[in-house]
Amino acid sequence: MTAPGVTIAVGSVDITPQKPVGLGGYSGRTALFQSIADPLEANVLVLAGPATRVVFVTIDSLFPGRTLREHLLTTLGLKDEELVLVASHTHFAPLLAPELPGLGQPAPDQAVFVAERIAALVRSLEGKGRAAQCFHSQGKADHAISRRLKWLRLTRKGLSYGAGLGPNPGGEKDERIAALRFCDDAGQTVALLWNYACHPTDFPERLQVSADYPGVVRARLREAFGDVPVLFLQGFAGDVRPPFSGTTPSLAGLLHRVLLGPQFRRPAMPEWRAWADGLAARVVAAFRSPAAPLVLSEPVATRLTVAEALLGDGGGGDKPLVWHKVECGGFRLLAVNAEPVTAYRRLLEPHFTDKLLLTAGYIDQTHCYLPVDSMLDEGGYEVEGFRPLFGYRTRFRKGMQAAAIAPLLRS
């Protein structure tokens, strides 16, 4: 069911780089990409009512970055709250955020190229809105693992029991898949949107362009439902990733395991492909499972800012946490310009039970990871290790998780 006067318009555009550039996602990977394994895309859904509109844009990128967002706002004449810009967080696409050179070689020209492609697509959708129906179904995967492993580690200060990067089968993760199917009045699928949380970090070829597993899922969904736009909302995935683990059968590998605990490893292509195909099958099954209709109403969007000083001490004050909250009738989206750990979904859910809740990180100019209070004493990449790569100086303090979500609870 769609409220009177509410329309949607959808589209897709290729944003694969047209010349060799550096890729974002790993420090020290400064070489230009060597080949293209699969295309990158931007997918768009414009939800509009008589008085308001929201333009949802999902892109195959590590982060959207400030350049892309500002270009789209200016070119399209959008208000800040009208543009929801979410990255898939693939580690095998050009780095669009020059503010984060620690995560690869920035490609500012590519950011402008992507902005122009998306802007042209959005302009082409003007006047093409139509009434639509929305159906929600759900599924469950078993394809991620916590990457926060507590271990007695040898550090510069001696032996210390703390968290580091390593496979933790008992750690928190969220395997739920939310699936939204948009159909025209004749019942034909016109767009798909899915929400899941897992770092796209493990495509085996480090110097190839790839959308990683979101691209595999997108291809399988189109095989099943037609060549339609597919929007992917990367969930709160700050501490979860694919489960490929193991060490090399050598003395160095043994010492690494003894000193640092179990480790992740890069999978071979057949292994990664089987894993990605398995996840794609779960997503397709989620869309094919019994669905419930969702009301589409005029969107109400707000931007809620958390001052950097509320999270901790010592920061420059120029990297606020921003939540983008969108109410669309039958569903609500809470998205943030950070890499939140999985626990934030659990913290928010009890406060938002009246409708379907979608959650996403990796919007806009992403500034930091977002750990919870219980992680601060443990340390680890999500608390300390990310800082030099992100240029983030704020030292988180206890109580930061309450400060981070307070604007959402008050809104």
Side-chain angles (χ1 to χ4, degrees), residues 52-59 61-74 76-87 89 96-100 233-238 299-328 331-341 343-345 347-349 351-352 357-373 375-376 382-383 386-387 390-411:
T52 66
R53 62 174 173 171
V54 170
V55 180
F56 296 91
V57 181
T58 65
I59 64 170
S61 175
L62 186 71
F63 304 120
R66 184 177 292 111
T67 300
L68 175 57
R69 180 171 184 83
E70 291 181 350
H71 188 109
L72 291 175
L73 289 173
T74 300
L76 296 172
L78 295 171
K79 300 175 183 177
D80 209 18
E81 66 272 15
E82 291 180 320
L83 175 62
V84 179
L85 183 58
V86 187
H89 199 52
L96 304 183
E99 297 83 0
L100 299 171
L233 298 178
Q234 178 63 264
F236 293 170
V300 178
T302 53
R303 302 268 291 183
L304 306 167
T305 300
V306 181
E308 192 179 346
L310 295 176
L311 303 180
D313 304 308
D318 60 345
K319 296 180 179 180
L321 192 70
V322 178
W323 290 95
H324 205 143
K325 179 182 177 184
V326 188
E327 306 275 357
C328 299
F331 71 91
R332 170 187 293 115
L333 171 64
L334 304 178
V336 65
N337 67 333
E339 298 201 44
V341 297
Y344 274 93
R345 171 83 189 204
L347 292 173
L348 289 172
E349 280 181 324
H351 303 281
F352 299 96
L357 177 63
L358 305 176
T359 52
Y362 315 98
I363 71 169
D364 308 343
Q365 179 63 52
T366 300
H367 293 312
C368 63
Y369 272 75
L370 200 61
V372 290
D373 288 353
M375 294 177 174
L376 301 188
E382 297 81 9
V383 177
F386 79 90
R387 295 177 183 284
F390 283 68
Y392 192 75
R393 293 182 290 164
T394 295
R395 316 300 300 187
F396 296 128
R397 59 171 176 254
K398 292 291 178 67
M400 54 90 65
Q401 73 182 39
I405 66 175
L408 290 173
L409 305 189
R410 291 194 300 263
S411 65

Expected output: side-chain T366 to main-chain I363 donor-acceptor under 3.5 Å:
yes
Which of these passes side-chain contact (heavy atoms from CB on, under 4.5 Å) with V84: V57, L333, V55?
L333
If I take atom CD from residue E70 and atom CG from residue L83, how far apart are they, to the nearest 0.5 angstrom?
11.5 Å
Given side chains that start at C-beta, do those of F56 and V86 come closer than 4.5 Å, heavy atoms only?
no
Do any N or O atoms from the side chain of D364 and from the backbone of P64 form a donor-acceptor pair under 3.5 angstrom?
no
CD on E349 to OG1 on T359, rounded to 0.5 Å
7.5 Å
Between T52 (side chain) and P299 (backbone), is there a donor-acceptor pair under 3.5 Å?
yes
Please tell me if the side chains of L348 and F236 come closer than 4.5 Å, counting only heavy atoms from C-beta onward.
yes
Would you say Y362's side chain and V336's backbone share a donor-acceptor pair under 3.5 angstrom?
no
Measure across L376 and M400 and return the closest heavy-atom pair with its distance rounded to 0.1 Å.
CD1-CG, 4.2 Å
How far does CG of L100 sit from NE2 of H367, to the nearest 0.5 angstrom?
9.0 Å
Which atom names give the shortest non-hydrogen contact between Y344 and L370, and what distance separates them?
CE1-O, 3.2 Å
Validation row: I59, L68 side chains within 4.5 angstrom (heavy atoms)
yes
With a 3.5 Å distance limit and no angle check, can you tell me whether Q365 reaches the backbone of R66 through a side-chain donor-acceptor pair?
yes
Evaluate the side chain to side chain contact (heavy atoms under 4.5 Å, CB included) criterion for residues F352 and L408: first the C-alpha distance (whole Å), next the side-chain angles of each, then the deciding distance (0.1 Å), finally the verdict.
CA-CA 10 Å; F352 299 96; L408 290 173; 4.1 Å; yes
With a cut-off of 6.0 Å (strictly less than), are more than 12 heavy atoms of other residues, nucleotides or ligands near NZ of K79?
no
Audit row: D318, E308, side chain to side chain contact (heavy atoms under 4.5 Å, CB included) steps and yes/no:
CA-CA 7 Å; D318 60 345; E308 192 179 346; 4.1 Å; yes
R53/E82 ion pair, N-O < 4.0 Å
yes
Check: W323 side chain, A404 main-chain N or O, donor-acceptor pair, under 3.5 Å:
yes
Is any side-chain heavy atom of Q401 less than 4.5 Å from a side-chain heavy atom of L347?
yes
Hey, could you give me the CG/OG1 distance between L233 and T58, rounded to the nearest 0.5 Å?
7.0 Å
Just say parallel, tilted or perpendicular for the rings of F386 and F390, cut-offs at 30° and 60°.
perpendicular
Treating R332 as the side-chain partner and E327 as the backbone partner, does any N or O pair qualify as donor plus acceptor under 3.5 Å?
no
State, yes or no, whether a side-chain contact exists between E382 and F396 at a heavy-atom distance under 4.5 Å.
no
Taking atom types as modelled, find out whether K319 and T394 have a side-chain donor-acceptor pair closer than 3.5 angstrom.
no
Examine distances only and state if a side-chain atom of H324 and a backbone atom of E81 form a donor-acceptor pair shorter than 3.5 Å.
yes
Find out whether L73 and D80 are in side-chain contact, i.e. whether some heavy atom of one side chain is under 4.5 Å from a heavy atom of the other.
yes
Without hydrogens or angle criteria, can the side chains of E339 and H89 be said to hold a donor-acceptor pair below 3.5 Å?
yes
Mind listing the closest non-hydrogen atom pair of V322 and N337 along with its distance?
N-OD1, 2.7 Å
Is the closest side-chain heavy-atom distance between R387 and R395 below 4.5 Å?
yes
Any idea which heavy atoms bring P340 and G361 closest together, and the distance?
CD-CA, 4.0 Å
Answer yes or no: is there a side-chain heavy-atom contact under 4.5 Å between R410 and L304?
no
